[in-house]
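Below you'll find the structure, written out as structure tokens, and then a few comments.
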Amino acid sequence: MPEKPYDHAKIELKWYQRWQNADFYRAEENSAKPKFYVLEMLPYPSGTLHIGHIRNYSIGDALARYKWMRGFNVLHPMGWDAFGLPAENAAIANRQPPRQWTLQNIQAMKKTHRRFAFSYDWDREVSTCEPEYYRWNQWFFLKMLERGLAYRKKALVNWCPKCATVLANEQVVEGCCWRHEDTPVEQRALEQWFLKITAYADQLLADMRQLEDGWPERVLIMQRNWIGRSEGAEIDFTLAGTDQKIRVFTTRVDTIYGATCVILAPEHPLNAQLLDPAGQARAKAMVDARAGRDPGDIEKEGFFSGSYAVNPYSDENVPIWVGNFVLMGYGTGAIMAVPAHDERDFEFCRKYSIAIRPVIRPVGGELGVEPGLTVAFTEDGIVEHTGDWSGLTSEEARDKMAAHARVNGFGDAAVTFRIKDWGISRQRYWGTPIPVIYCPACGLVAVPEDQLPVRLPDRVEITGAGRSPLENVPEFVNVACPKCGGAARRETDTMDTFIDSSWYFYRYCDPHNDKAPFDPAKIAYWFEIDQYIGGVEHAILHLIYSRFFTKVMRDIGLIRNSEPVRRLFTQGMVIAEGAKMSKSKGNVVGADLLAEKYGADTARMFVLFAAPPEKEVDWRWEGADGIYRFLGRVYRFATRRIGTAAPEAGAADRQVLRKLHQCLQKITEDFESRWHFNTCIASIMELVNVLYAEEENIGSAVLNDVLVKLALMLAPFAPYLAQEIWEELGHDGPVFRQQWPAYDPELAKPEEAEIVVQVNGKLRSRVYAPFGTPQDALEKLALADPKTQQSIAAKQIVRIIAVPDKLVNIVVK
RNA sequence: GCGGAUGUGGCGAAAUUGGCAGACGCGCUGGAUUUAGGUUCCAGUUCCCGCAAGGGAGUGUAGGUUCAAGUCCUAUCAUCCGCACCA
């Protein structure tokens, strides 16, 4: 058959049209096959897919197709994280309703998705902005409300003046808004809804043990730090002259005899009582000055409150200070300062000339002497000047002193977490309405389940002004109280969109259910997710919230699994010609342009080829040229050999078969373990290079075998081309529904082992011997080699090391 | 400051178990095909010396272990990422 040019546009259009109504990506409901749930993180519908998305989906798609070919029942769904701020910003900018803008974007992106032929089961598509979806957000919220996991409190919250909304603590990056990195966050007091994720802090931490073999270590480390479990003790100091307690948290009770003051956070409730109006004003000023600042940049400041506290161990009176470095949100909002053994306390007390009293000496060393200390000794040691506990090690002292506090009723051992409850209220329109009603008579009333969903009204004016846009929609706000029927108001805040993405992967298992979020039996079949793939930027928020939701759902009795994701893969970023892609730089590599210029196969394959998937990839157009050339080489070879007469056997048959099976082995093993698709593709290139070099020496039997398997092994990476070759070979049906070809390790092996001959560790020659040749025979063989003899001439042989099938090293003097 | 990762040709990278450093690709050089450009095919391409045969050096830097180190150990430098007054 004459060679055909590689016309990617023609090939891809042909199969795009034929695959329009294909259903071979549909997951089976009742299947005897083993299941495999592969998931890529759902995108925000910004309107365009870029090369970063393509990388994410290409990894997942290759895996999904491979698993299908290995006989699995694969669930590979896709959806849209469709609520969120950009839709409102767009509405303000071009007067287009958020819903319309979002649906348009989804349409456009879905078209691109189809163009790339990613293997999604589109019947299961989920869009989080649809009432069919978000009603279950509301339902989960009500369940949490019932269980006391959702609550309301007035709190200082992060307020971004640009977004005009509240930010979760996690959305504050270095004191600034995560979307507007140059906008400092302000503090405002608002009534907010919170989810009690702290109730699960211990479980979230403990269950990470189940994830250790399936999740990247660094993600687990980040989560562990985020949860921030810290063991110590809570101790009550007493306000001098009263019975009033001031509770502090410390990890170092063993140093408490060195406490020379107690320091309160500026927001500490006791300040209202202790401070005069001037002092309260100073405390307020501290709070404001701290808002949105990088804590490292703020100098420690404080002032004496005028009152004293009694150390319950020593009965000593110490001054109570107010300090800007003490955080209300951590521990009890009050600390005991032990300047001799804590760097921060040291800095503070030096500055204000507060006493410094060493009580811990290094093991085998001397107790520090004051005045004259220049640094705090923060390590464990031997406790001194500490009553009956003197002479104990720090560790012993901590245990015994905490027990003492418990027995005497002024404290106990305690555990504190860094993680805070999840503030979910947003003063925004484009999100899930929070299903509660405020009734003047009945107070806070949950919307009854049978009245869900609380629908987002369509006609809303979005101005970007501070209050929630829903406040201005009387038909939304004004409602009859479900309890008493009287006039009442709806909650106008909407939910954080991280709620949407915390459970969407469950909905994929039963996306059209209108009686429940899903049928538990379906979850029992599909869960856990076997492989989740996405960016490391979601290492903390999305993935911790998802784990939290899973545990709550389990406790409600909906599901049985405690963790949603068995294996997580975090792919590296794609940057463009050395720079991070961003709209403002205008260097975003769009997926449509890629498909236009090279075709989907080339774009996919390049991002897989450029680097291993966990690493960053630099998109370079010339690099893509290389893949395009390679696919052309494959196609031209296939078309010119198919149907071309050749003898049954050829001189290069064994060599070609060896390369083929080496290649198959490599790819198979990589899919099962480390996913270095870059070297998999390199290996296919090597095979094709051999086919070119030996084209005339390949017999027809081997040739047909190689072409069939070449199409099969290209199927996960370049499905269009693989399918086209599959058809040229005379086969029907989708190539990626064929069985994955098995490799034969015997065929993959070379006929003889190549033995490297070194002299003093330097390569001097190589000899060949059958596999398994014993060491002494190898030595003889090496010594008999003329090149080796030349290298060791006139030298004395000291030692010979022979490694079977590998090398001989001759040590000479 | 704490934690983690990464340093290999002009570039992206490979070397999975301590055993041939640089597979594969880009770029570049040369040749063939072509009226020409492009395409395609073939060859070369770590650096230094050499016409060549050949030799020497070489995986951020300095040491160490070993017959043998990109790989293991110690120190150090650089870059990137995460966390950062968490008591």
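Every heavy atom of this structure was used, including side-chain atoms; hydrogens, water molecules and symmetry mates were not. Here is the naming used below: chain letters follow the sequence lines, and residue numbers restart at 1 for every chain.
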Indicate yes or no: at least one non-hydrogen side-chain atom of [X] is less than 4.5 angstrom from one of [Y].
X: Arg764(A); Y: Thr788(A); answer: no
X: Phe606(A); Y: Leu594(A); answer: no
X: Leu205(A); Y: Arg224(A); answer: yes
X: Thr332(A); Y: Glu234(A); answer: yes
X: Glu347(A); Y: Phe325(A); answer: no

Who does [N] pair with, Watson-Crick or G-U, both distances under 3.5 Å?
N: rA13(B); result: none
N: rA52(B); result: none
N: rG44(B); result: rC28(B)
N: rA75(B); result: rU61(B)
N: rG1(B); result: rC83(B)
N: rG70(B); result: none
N: rA36(B); result: none

Less than 4.0 angstrom between a side-chain N/O of [X] and OP1 or OP2 of [N], yes or no?
X: Ser683(A); N: rC24(B); value: no
X: Asn678(A); N: rA14(B); value: yes
X: Arg418(A); N: rA84(B); value: yes

Checking contacts here: which listed nucleotide ([options]) is nearest the side-chain heavy atoms of [X]?
X: Glu622(A); options: rC67(B), rG27(B), rC20(B); value: rG27(B)
X: Met685(A); options: rA68(B), rC24(B), rA87(B); value: rC24(B)
X: Glu686(A); options: rC85(B), rA87(B), rA23(B); value: rA23(B)
X: Arg674(A); options: rA15(B), rA87(B), rA14(B); value: rA15(B)
X: Thr250(A); options: rC24(B), rC20(B), rA87(B); value: rA87(B)
X: Ile221(A); options: rA87(B), rG4(B), rA14(B); value: rG4(B)
X: Val756(A); options: rC24(B), rG19(B), rC20(B); value: rC20(B)

With sugar-phosphate meaning primed atoms plus P, OP1 and OP2, does [X] contact a base, only sugar-phosphate, or nothing at under 4.0 Å between heavy atoms?
X: Val536(A); answer: nothing
X: Glu754(A); answer: base
X: Gly626(A); answer: sugar-phosphate
X: Arg764(A); answer: sugar-phosphate
X: Lys762(A); answer: sugar-phosphate
X: Val803(A); answer: base

Contact letters for nucleotides 35-50 of chain B, in which S counts primed atoms plus P, OP1 and OP2 and B counts the base, heavy atoms under 4.0 Å: -----SSS--------
Separation of [N] [atom2] from [X] [atom1] (nearest whole Å):
X: Phe717(A); N: rC24(B); atom1: CZ; atom2: P; result: 18 Å
X: Leu541(A); N: rC83(B); atom1: CG; atom2: C1'; result: 13 Å
X: Arg252(A); N: rA87(B); atom1: CZ; atom2: P; result: 12 Å
X: Leu807(A); N: rA21(B); atom1: CG; atom2: P; result: 10 Å
X: Ile419(A); N: rA84(B); atom1: CD1; atom2: P; result: 13 Å
X: Ile256(A); N: rA87(B); atom1: CD1; atom2: P; result: 16 Å

Under 3.5 Å donor-acceptor pair, Asn809(A) side-chain atoms to rC67(B) base atoms: yes
No-H, no-angle donor-acceptor pair, Arg766(A) side chain to rC20(B) base, under 3.5 Å: yes
Salt bridge Asp213(A)-Arg567(A), side-chain N to carboxylate O under 4.0 Å: no
Salt bridge Arg629(A)-Asp625(A), side-chain N to carboxylate O under 4.0 Å: no
Provide the distance between the two [atom1] atoms, one in [N] and one in [M], to the nearest whole Å.
N: rU46(B); M: rG10(B); atom1: C1'; result: 10 Å
N: rG58(B); M: rG70(B); atom1: C1'; result: 11 Å
N: rC11(B); M: rG63(B); atom1: C1'; result: 32 Å

Output field: ring centroids Phe671(A)/Phe677(A) closer than 6.0 Å: yes
Atom NZ of Lys351(A) with >12 non-hydrogen neighbours under 6.0 angstrom: yes
Nearest-nucleotide comparison on RNA chain B, the residue closer to the 5′ end among Asp345(A) and Arg799(A): Arg799(A)
5' precedence on RNA chain B between Gly761(A) and Glu217(A) (nearest-nucleotide basis): Glu217(A)
Intermediate values then yes/no, salt bridge (charged side-chain N to carboxylate O under 4.0 Å, His left out), Asp202(A) and Arg229(A): CA-CA 8 Å; Asp202(A) 256 327; Arg229(A) 187 189 145 97; 3.0 Å; yes
Arg620(A) charged N/C atom sitting above Phe609(A) aromatic ring, 6.0 Å / 45°: no
Interface with RNA chain B, restricted to residues 602-615 of chain A and to heavy atoms under 4.0 Å: Phe609(A), Ala610(A), Pro612(A), Lys615(A)
Geometric class of the Trp321(A)/Tyr352(A) ring pair [parallel <30°, tilted 30-60°, perpendicular >60°]: tilted
Between Tyr628(A) and His8(A), a side-chain donor and acceptor under 3.5 Å: yes
